[in-house]
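Written out below as structure tokens is the structure these notes cover.
If you read the sequence from its start, that first residue is 1, and numbering goes on from there. Just follow the structure's listing: the first ligand is 1, and inside any ligand the first atom is 1.
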Amino acid sequence: MTRDYGIKIWADDNFIIKNNTINVNHKGQPSLLEITQTLRKKGYTGPLLLRFPHLIKKQISTLYKEFNRAIEEFDYHGKFQAVFPLKVNQFPNFVNALIEVSQEFNYGLEAGSKAELIIAMTHTPLGSPITVNGFKDKEMITLCFMAVSMGHNLTITIEGLGELQSIIEVQKENLTMPMPKIGMRIRLHSSGIGIWAKSGGYSSKFGLTSTELLEAYELLERNNLLEQLWMVHFHIGSQMSEINPLKKALREAGNIYADLKNRGAFALSALNIGGGLAVEYGQHSHKKEINYTLNEFANDVVFLIKEIAKNKGIEEPDIFTESGRFIAASHAVLIAPVLELFSQDYQEKALRLKTKNPPLIAELHALWQDLNRKNAREYLHDALDHMESLLTLFDLGYIDLEDRSNAEILVNLIIKKSLLLLSDGSQELLKLQNKIQERYLVNFSAFQSLADFWGLKQHFPLMPIDKLDKKATNPATLWDITCDSDGEIPFEEDAPLYLHDVNVHEEEYFLAFFLTGAYQEVLGMKHNLFTHPTEVTVEFDEQGAFKLTNIIEAQNILDVLEDFNYDKELLKSRLNLPNEALRHKLKLYLNENSYLKTVLALN
Ligand SMILES: *Cc1c(COP(=O)(O)O)cnc(C)c1O
């Protein structure tokens, strides 16, 4: 059994294991442990969200590099252009880093709401593309016109005929204002695949049917606006695990594009293939989520569009993408301290053996003592058998609570010992691991920090950041600190997680959750009033040393309550304590965040 936590599968060389720690594979290669401890020393407790701008840059430049390579290889005549869809992550320390690292690429932003549009208008470098998708009212369309007046290169993607009518109205009311470019989102009969496939297909929320497309075309023609129509857009859904649905969608969209162009949409010159590039979240080779590489993806897109253009006798359009998950996921890592291990009491020192024990207990004890590689399987079966009998004896009143506790501990010890001796990966052993799993109470909220795990059972790679030179043998279930049983990442027999046996009263033990930079932050919810964790940007200086910037501490208790429209002053006035010392202590507590403190952090 490998204990590299599948790092070769999901880490994309962004992180490497060095001796006992997992390290950032960049510049001075600091370990996540060093970074975490630096933050702890500054007084930040609770979970920590680390942002790595160099990983945003890597994704953007890889995307451009692969497409530009394919364009050259196939002698394609259009350009490659891309925007980042803001809905994937609108947090300022992400967006600012994204803008900073993408300067050389003419990379833009995609907005889907008025607030996102304001981010796009204030952050996109003039000239870089802004695309505006989603449902829009007249006010939002007017905002788009304003952006163009500011000098932005903006495209409104229309999702329905009503929007086009509004655009025409706004244009007529503001004849002096320059007009945004227009894109048409098409409703494909092809759809995506997997849990996020709903954005495509006939029943999708978005896009124009063939009939509507023709009407839209005529409406533009009648209003002399065909010169604004430059883009055809589709999006078949997120996290495309296979490439075939995209190929089908491309053929469909390519033919629609070509038809519109040949019909007279002379300004058409871009095909926007939406987002959907998948991220490998799998931690076990049989749980991989993607069956293609970016290289293959870019080749397929460029080749297919080239072919359609040739067949239909049109110029090759610029290729636009709006991949978000692919750009943002890897940049954020959540570090969460383990607060406690449950079932640690199944230890030898917890035994309360009597001078005279019931025969079956004495026998269990002997089995445990004498267990070796040769007899392990037999003894294990005997022990499981005895356990059944002992539970029956307890129900009938023949043995007492102490005996029962001894039986549980001994059987647990026997299972653990035999698993170590018999690591043959057999079904029976894997099943037994369920019995001896440890529950790790982890200082984070799955609802706040891994929303897609809660909502869609999306797996995120996770591992301890320390002790990697030691074999982790505890089959582990993780509990978050919300009072909700959905906040549990259960041990899975077919994708087991093993963690170390640690005494968190003596040393801190941290888990890292990777690839949390896309969607999780903004989908995160304040269940039990646990808020966005303390975040920090990890940058590197010339010498390669890391520096921590943009630290934003998790909201304190009073501020969270104020966000929920509680009156802070009223709350304070009601928290009436009899003496100054208590009042002082309470004041400190209220100014801290809701997350728990590890025993060590409390001391
Ligand atoms: C959500 C969305 C995207 C981004 O999808 P990813 O899977 O994150 O790449 C792109 N385009 C549109 C229209 C979207 O709604």
Location of contacts on H235 toward ligand 1, heavy atoms closer than 4.0 Å: side chain
Within 6.0 Å of CH2 in W454, more than 12 heavy atoms from elsewhere: no
Check: G274 N/O within less than 3.5 Å of ligand 1 N/O: no
Distance filter under 4.0 Å to S238 heavy atoms, resulting ligand 1 atoms: 6 (P), 7 (O), 8 (O)
Short side-chain donor-acceptor distance under 3.5 Å, Q555 and H532: no
Ligand 1-proximal atoms of Y519, by part, heavy-atom distance under 4.0 Å: side chain
Under 4.0 Å to a heavy atom of R325 - the qualifying atoms of ligand 1, by number: 6 (P), 8 (O), 9 (O)
G276 neighbourhood, listing ligand 1 atoms whose heavy-atom distance to it stays under 4.0 Å: 5 (O), 6 (P), 7 (O), 9 (O)
Ring pair (Phe, Tyr, Trp, His ring centres under 6.0 Å) pairs, two or more places apart, involving residues 92-114: Y64-F105, F84-F94, F94-H331
Best match, K87, E322, E159: closest heavy atom to atom 11 (N) of ligand 1: E322
Backbone or side-chain N or O of L277 under 3.5 Å from ligand 1 N or O: no
Ring centers of F74, F303 separated by less than 6.0 Å: yes
Per-atom contacts, ligand 1 versus H233 - under 4.0 Å to a heavy atom: 13 (C)
Atoms in ligand 1 with a heavy atom of N133 nearer than 4.0 Å: 13 (C)
Pair E221 + R263: basic N to acidic O under 4.0 Å: no
K87/E116 ion pair, N-O < 4.0 Å: no
Beyond-backbone contact of K288 with I9, side-chain heavy atoms, under 4.5 angstrom: yes
Salt bridge E163-R185, side-chain N to carboxylate O under 4.0 Å: no
Where ligand 1 meets V88 - atom numbers and elements under 4.0 angstrom, heavy-atom basis: 8 (O)
Atom indices of ligand 1 within 4.0 angstrom of R185 heavy atoms, with elements: 13 (C)
